[in-house]
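All remarks here apply to the structure that follows.
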Number of protein chains: 2
Amino acid sequence: MPEQHFTPVPLDKSYRLLNHGPTVIVSAQHGGERNAMSAAWACALDFAPPKVTVVLDKATRTRALVEASGRFALQLPTVPMAALTKAIGTDSATTMPDKLERHGVRLFAAPQLDMPLVEGCAAWLVCKLIPEPHNQQAYDLFIGEVVAAWADERVFRDGHWEFDGAPAELRTLHYVAGGQFYAIGESVTVK
Amino acid sequence: MPEQHFTPVPLDKSYRLLNHGPTVIVSAQHGGERNAMSAAWACALDFAPPKVTVVLDKATRTRALVEASGRFALQLPTVPMAALTKAIGTDSATTMPDKLERHGVRLFAAPQLDMPLVEGCAAWLVCKLIPEPHNQQAYDLFIGEVVAAWADERVFRDGHWEFDGAPAELRTLHYVAGGQFYAIGESVTVK
C-alpha cells in the first residue's frame, strides 16, 4: 500500500521542512542493500537550488551507502516513532543486519526515484550528494541538493507547517540526548 | 547589571544546546564594532571538541565581523524575543547602522572573552572560527569550535533541557518562514 499522506512539496519551499530543526532519519541504498539511521545534525544550507547538510559518522553503514550511491533521503519522524528513531540511531546494520525489521521500520520507494523512504514520517527529502571529500573526511559533513520533496498534507500545506491543533502523533521530534526528545510546540507568529 | 540566569555549561554537554534545532542569533565584534543577526541554519557538528556550523550570507555585516575577528557567538532567543529575532534577521546594519538599538537588542560581554552576547536568551555558545575558505565562499558555511557555553538554569540543568512545565517565555524558538516560529513543545522520552 502506498504511503497515504504523501503530497509533493515544491522545491523552492523544501527548505522549510528542515527550518525548524527536526531530527531526521537518513536512508540510502546501493547494490540492493538498503539502510536507514537517525541523525540529529541535519540542516538546511541553501534556498535555490535547495541544499542540506547532514553529519554521518564513519562507523555507520548508511554512510557507506551514501558514498557508494551518491544519493540519500532525509525524513522527519513523528512522535509515535520516537522509540524507533532512538533505536535505529543506536543500533548499526554492521552488527545487526536486520535492524530495520527488528525495530519496525517499514520502507517504501520514492516515486520514480528508486530511493527507500520510511513510512509514517511528516516529510521526506530526496537528495543528490554534492561530493566534498575534505568535509566528509575531516568533519563527517555531507552536503546534498534536494531533488524531490513530499510532506504529510495534514501538517504541511501551501508551503507552511500547520502544527497548531495537530495531534502529537503528527508532530516532528527534536532530539536532545539519552532517549529524550521534544515534540514541536505551539505557533508564535510575528506580523 | 549582569545577565541573571547565566550558568556555565560543560563543553562536553554544549552540543545539547543546539541538538533540538533552535533558531539562533549570531553575534560578533571587531575593531569596536558589534553586531548580531538571526540565523535559522545553525547545527551541531561534533562532540569533542564541540563544533558547530552556521550559514552566514555574504550580504550580512555580522559575517564581515566573524571573518575579521575569527570568533562568533550563537545564542538561543526565547518566545518573548520572536519579534526582535525576526527584525534583526531582516534588517541589516549595512543599511540600518542602529538596528540593534532600534529593535531593542541589549548586549552584555561574555565573562573574560570580550564577546557581545544578547540578553534574555536561553543559552549562549562562544566559538572560535575554524577557517574553511572553500565552504565559506561556495556555501556561506562557517565552522566554529565551541570554547565556552552558558544556559539559563531554569530550563537547562545537569546537562539537559528541562522545558516541561516551563512557561512559554523560557522556551526556544524554531523558525519556519514569513514571521512564523514554533516554540519547543512537550517532552517525549524513550526508555
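Please read all numbers here as calculations on a predicted model, not as lab measurements. Every chain is numbered from 1, with letters handed out A, B, ... down the list of sequences.
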*asked:* Are there over 12 heavy-atom neighbours, none belonging to B:Gln112, within less than 6.0 Å of that residue's CD?
replied: no
_Among A:Ala82, A:Ala87, A:Cys43, A:Ala168, which residue has the highest count of heavy-atom pairs closer than 4.5 Å to chain B?_
A:Cys43
*Just give me the residue among B:Lys86, B:His174, B:His160 that pairs up with chain A most often, heavy atom to heavy atom, under 4.5 Å.*
B:His174
*Check the side chains of B:Asn135 and A:Glu132 for a donor-acceptor pair under 3.5 angstrom, ignoring hydrogens and angles.*
no
_A:Gln180 portion near chain B, given a 4.5 angstrom heavy-atom threshold_ = both
*Taking A:Lys51 for the side chain and A:Ala44 for the main chain, is one N or O donor matched with an acceptor at less than 3.5 Å?*
no
*Most contacts with chain B, counted as non-hydrogen pairs under 4.5 angstrom, among A:Asp46, A:Leu17, A:Ile130*: A:Asp46
*Using distance alone, with no hydrogens and no angle criterion, decide if A:Tyr139 and A:Gln137 have a side-chain donor and acceptor under 3.5 Å apart.*
no
_With a 4.5 angstrom heavy-atom cut-off, is it the side chain or the backbone of A:Tyr15 that approaches chain B, or both, or neither?_
side chain
*Is B:Ser187 reaching over with its side chain to a backbone N or O of A:Tyr182, donor-acceptor style, under 3.5 angstrom?*
no
_Aromatic contact between A:Trp150 and A:Phe156, with the criterion being ring centroids under 6.0 Å apart: yes or no?_
no
_Selection from B:Ala83, B:Ala183, B:Gly159 maximising heavy-atom pairs under 4.5 Å formed with chain A_ = B:Ala183
*Got a salt bridge between B:Asp158 and B:Lys13, using NZ or NE/NH1/NH2 to carboxylate O under 4.0 Å?*
no
*Find the one option among A:Lys191, A:His134, A:Arg171 whose heavy-atom pairs under 4.5 Å with chain B are most numerous.*
A:His134
*Examine whether an atom of A:Ala138 lies under 4.5 Å from a heavy atom of chain B, and if so say whether it belongs to the side chain, the backbone or both; otherwise answer neither.*
neither
*Which of B:Leu173, B:Ile143, B:Asp164 touches chain A most, by non-hydrogen pairs under 4.5 Å*: B:Ile143
_With sequence neighbours excluded, residues passing side chain to side chain contact (heavy atoms under 4.5 Å, CB included) with A:Thr94_ = A:Arg61, A:Ser92
*B:Ala177, B:Gly178, B:Pro22, B:Ala42: which one forms the most heavy-atom pairs within less than 4.5 Å of chain A?*
B:Ala177
*Hey, which of B:Val188, B:Asp57, B:Val176 has the most heavy atom pairs under 4.5 Å with chain A?*
B:Val188
*Please report the C-alpha distance between A:Phe6 and A:Phe108 in whole Å, then the side-chain angles of each, then the deciding distance to 0.1 Å, and finally whether the ring-ring contact (aromatic ring centres under 6.0 Å, His included) criterion is met.*
CA-CA 11 Å; A:Phe6 186 78; A:Phe108 66 103; 5.2 Å; yes
_Side chain, backbone, both or neither of A:Leu18 within contact of chain B (heavy atoms, under 4.5 Å)_ = neither
*If you count heavy-atom pairs under 4.5 Å with chain B, which of A:Thr85, A:Val55, A:Asn19 comes out on top?*
A:Asn19
